[in-house]
Amino acid sequence: MRAHLARVDAVLVQALIAAALSFAHLHDVASAAGQAGWKAWAYPVSVDLLLVAAWRRLRFGDAKASGWCWFVIALAASLGANVATAGLLNLHQVPAWLRILVAGWPAVAFLGGTLLAHTTHETAEESTPAAPEPTAAPEPEQRPAVAPRPVPIPAALVAHARKVADEHHARTGSAIDTSTLRARLGVPAPLAEAIAAQL
C-alpha cells in the first residue's frame with residue numbers, strides 16, 4: 001500500500017511540476033504576443049482545460065477521434081509554448097504569425113471545449129434501434145404435481161444422527177431442531193429434514 005501511495009505521489013508531483021512549467025511558458029508567450037494582464041494568465045488556463053476535456057473524452061467518452069483531435073491541438077499549443085520559450089523565439093520581437101495564433105486561440109479553445117463538454121446523448125439514443133416491445137409470454141401448461149421422491153438415507157447416517165440427537169437432548173433437555181441437526185451433521189437442508197423425520 002505504501003509503495004502504491006509513493007508511486008502515486010511521485011506521479012502527482014511530476015504532473016504538478018510539468019503543469020506549472022507549461023503554465024508559465026504559455027503565459028510568457030501570450031504576454032509577449034500582446035496579451036497583457038489577466039489575459040496572459042487566461043491562456044494557459046484555457047489550454048489546460050482543453051487538455052482535461054479531451055482526456056476525459058478519451059477516457060470515458062465514445063467519440064475517440066474527436067477526443068484525440070482536440071487533445072493533439074491542446075498538446076501542440078502547450079509544447080509549442082515550451083519550445084518557443086527555450087531560446088528559439090525572441091520574446092521581444094514576436095513574429096506576426098504567432099500573434100495571429102495567440103489572438104485566434106480563444107475561439108479555437110471555445111469551440112473544442114464546447115464540442116467535448118456537451119456530449120449529445122440524444123444522438124446516441126437515436127442511432128441505437130429501439131428495443132422491441134416484450135410480448136406476453138405464453139402461459140405454462142398446467143401439469144399435475146408430482147410428489148417428490150424420498151431422499152435415500154444410509155442407515156449409518158441415521159444412526160449417527162440419532163446419537164447426535166440423544167447427546168443434544170441429554171445436554172439441553174430439549175429435542176434437537178432441524179437447523180442444529182443440519183449444522184452438526186454438515187448435510188444439506190433437504191437431507192437434514194429427511195433425517196429429522198426418521199428420528
Side-chain angles (χ1 to χ4, degrees), residues 1-140:
M1 184 65 179
R2 291 183 178 178
H4 177 69
L5 290 176
R7 184 167 62 252
V8 171
D9 291 344
V11 172
L12 181 61
V13 170
Q14 180 65 26
L16 290 175
I17 293 173
L21 292 174
S22 180
F23 197 92
H25 293 158
L26 284 164
H27 168 268
D28 294 345
V29 169
S31 179
Q35 306 297 325
W38 66 269
K39 297 178 184 179
W41 292 109
Y43 275 83
V45 174
S46 173
V47 173
D48 288 346
L49 287 179
L50 186 59
L51 274 172
V52 171
W55 177 84
R56 284 183 60 84
R57 172 59 63 88
L58 291 174
R59 177 118 181 158
F60 304 110
D62 296 329
K64 303 294 185 184
S66 175
W68 275 115
C69 175
W70 290 107
F71 186 82
V72 169
I73 291 173
L75 188 63
S78 179
L79 288 175
N82 294 342
V83 173
T85 55
L88 300 180
L89 179 69
N90 185 359
L91 295 181
H92 299 291
Q93 293 182 350
V94 177
W97 62 266
L98 182 57
R99 291 178 180 273
I100 294 172
L101 286 179
V102 171
W105 173 257
V108 174
F110 176 77
L111 175 63
T114 302
L115 293 176
L116 290 171
H118 298 286
T119 305
T120 55
H121 296 287
E122 297 177 359
T123 305
E125 291 177 358
E126 292 174 359
S127 62
T128 56
E133 295 184 0
T135 56
E139 295 184 0

List the atom of R99, the atom of A33, and the distance in Å for their closest heavy-atom pair. NH1-O, 3.3 Å
Looking at I73 and V108, what are the two nearest heavy atoms and their distance? CG2-CG1, 4.3 Å
Are the side chains of P106 and Y43 in touch, meaning some heavy atoms are under 4.5 Å apart? yes
Looking at every non-hydrogen atom in both residues, tell me the closest pair between L115 and R57 and how far apart they are. O-NH2, 3.5 Å
Residue pair A81 / L26: nearest heavy atoms and the distance that separates them: CB-CD2, 3.4 Å
pair L111-W70: side-chain heavy atoms closer than 4.5 Å: yes
side-chain contact (heavy atoms from CB on, under 4.5 Å), that's the test. Do W105 and V47 meet it? Break it down for me. CA-CA 9 Å; W105 173 257; V47 173; 3.6 Å; yes
For S46 versus A109, what's the shortest heavy-atom pair and its separation? OG-CB, 3.0 Å
Distance from D48 atom CG to W55 atom CH2, nearest 0.5 Å? 14.0 Å
